[in-house]
*Asks:* 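One structure coming up, written as structure tokens, with questions to follow.
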Amino acid sequence: MKRVMTGLVIAALALPVAVLGAMVGDAEHTIAKAPVMRVAIRGYDPRDMLRGHYLRYQFDWNAEMPFIGRVARLCVLSAPPDAPARVRPLAPGSQPGPDCMLVVDGWGETLAEARRTESQGDVPGRLQFTPDGIGSGRLYVPERHAVRLETLLREGRVRLTIDVAVPAVGSPRIKAWHIDGKTVDAYFAQEGKQ
């Protein structure tokens with residue numbers, strides 16, 4: 001009888017762990033199989049690009065902007081693996097056209113010409129948009145690279161991009177980030193050889 005009770009207790013404790021493991025595995029599989037788009041990013045506080053070991057950024061969309069106003073969705077027109085995706089904002093209530101490979105939900109706006117000149121720090125022609133599920137504009141920077149990366153960013157010598165996985169169900173997730181198309185470690189390893 002004691003063995004049966006011990007077996008039941010072990011099964012009762014193992015079941016939640018197994019279910020949680022299956023849920024995590026399913027989520028990882030979904031993200032791994034999701035379409036990925038590369039998006040350029042830029043720092044938005046040039047006086048303090050790195051705080052601690054995190055890079056603060058804004059998305060720098062490669063966007064066509066046929067309208068001005070609030071943006072709730074983006075139509076991804078092309079998503080080459082080695083260059084930033086080309087996107088078009090979708091006006092609220094509008095349907096994506098046949099040229100949309102993917103639709104990304106989120107929030108943002110394109111500013112009217114008059115408001116562009118009034119807003120501080122805005123570069124004309126920029127689309128402000130953040131995909132749903134990606135709340136923070138911060139990326140972890142390995143401590144061994146933080147000071148050098150801050151210098152490169154201040155001098156404007158590198159281009160940063162992130163890969164965003166957009167699953168059919170669920171929120172987009174950042175998969176990786178790159179410096180001039182290379183992973184952070186690969187970039188600094190190559191720079192060290194020069």
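All residue numbers in this chain count up from 1 along the given sequence.
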*Asks:* Check the orientation of Trp61 and Phe59. Use parallel for under 30°, tilted for 30 to 60°, and perpendicular for over 60°.
*Replies:* parallel
*Asks:* Flag the pair Val103 / Leu74 as yes when at least one side-chain heavy-atom distance between them is below 4.5 Å, and no otherwise.
*Replies:* no
*Asks:* Kindly give the heavy-atom pair with the smallest separation between Arg173 and Gly133, and that separation in Å.
*Replies:* NH1-O, 3.4 Å
*Asks:* For a quick test of reading the model, state the closest non-hydrogen atom pair linking Leu55 to Leu160 and the distance between them.
*Replies:* CD2-CD1, 3.4 Å
*Asks:* Would you compute the distance between atom CG of Asp105 and atom OG1 of Thr130 and round it to the nearest 0.5 angstrom?
*Replies:* 13.0 Å
*Asks:* With hydrophobic residues grouped by side-chain heavy-atom distances under 4.5 Å, do Val164 and Leu139 end up in a single group?
*Replies:* yes
*Asks:* Stepwise, does the salt bridge (charged side-chain N to carboxylate O under 4.0 Å, His left out) test hold for Arg159 with Asp60?
*Replies:* CA-CA 11 Å; Arg159 186 184 87 180; Asp60 193 9; over 6 Å; no
*Asks:* Can you establish whether the number of heavy atoms outside Arg70 located under 6.0 Å from its atom CZ is more than 12?
*Replies:* no
*Asks:* Got a donor-acceptor contact below 3.5 angstrom from the Thr6 side chain to the Lys2 backbone?
*Replies:* yes
*Asks:* Is the ring centre of Phe129 less than 6.0 Å from the ring centre of Trp107?
*Replies:* no
*Asks:* For Val39, is there any backbone N or O sitting under 3.5 Å from a side-chain donor or acceptor partner on Thr161?
*Replies:* no
*Asks:* With a 4.5 Å heavy-atom cut-off, do Val36 and Lys175 have their side chains touching?
*Replies:* yes
*Asks:* Looking only at the side chains, is there a donor atom on one of His178 and Arg38 sitting less than 3.5 Å from an acceptor on the other?
*Replies:* yes
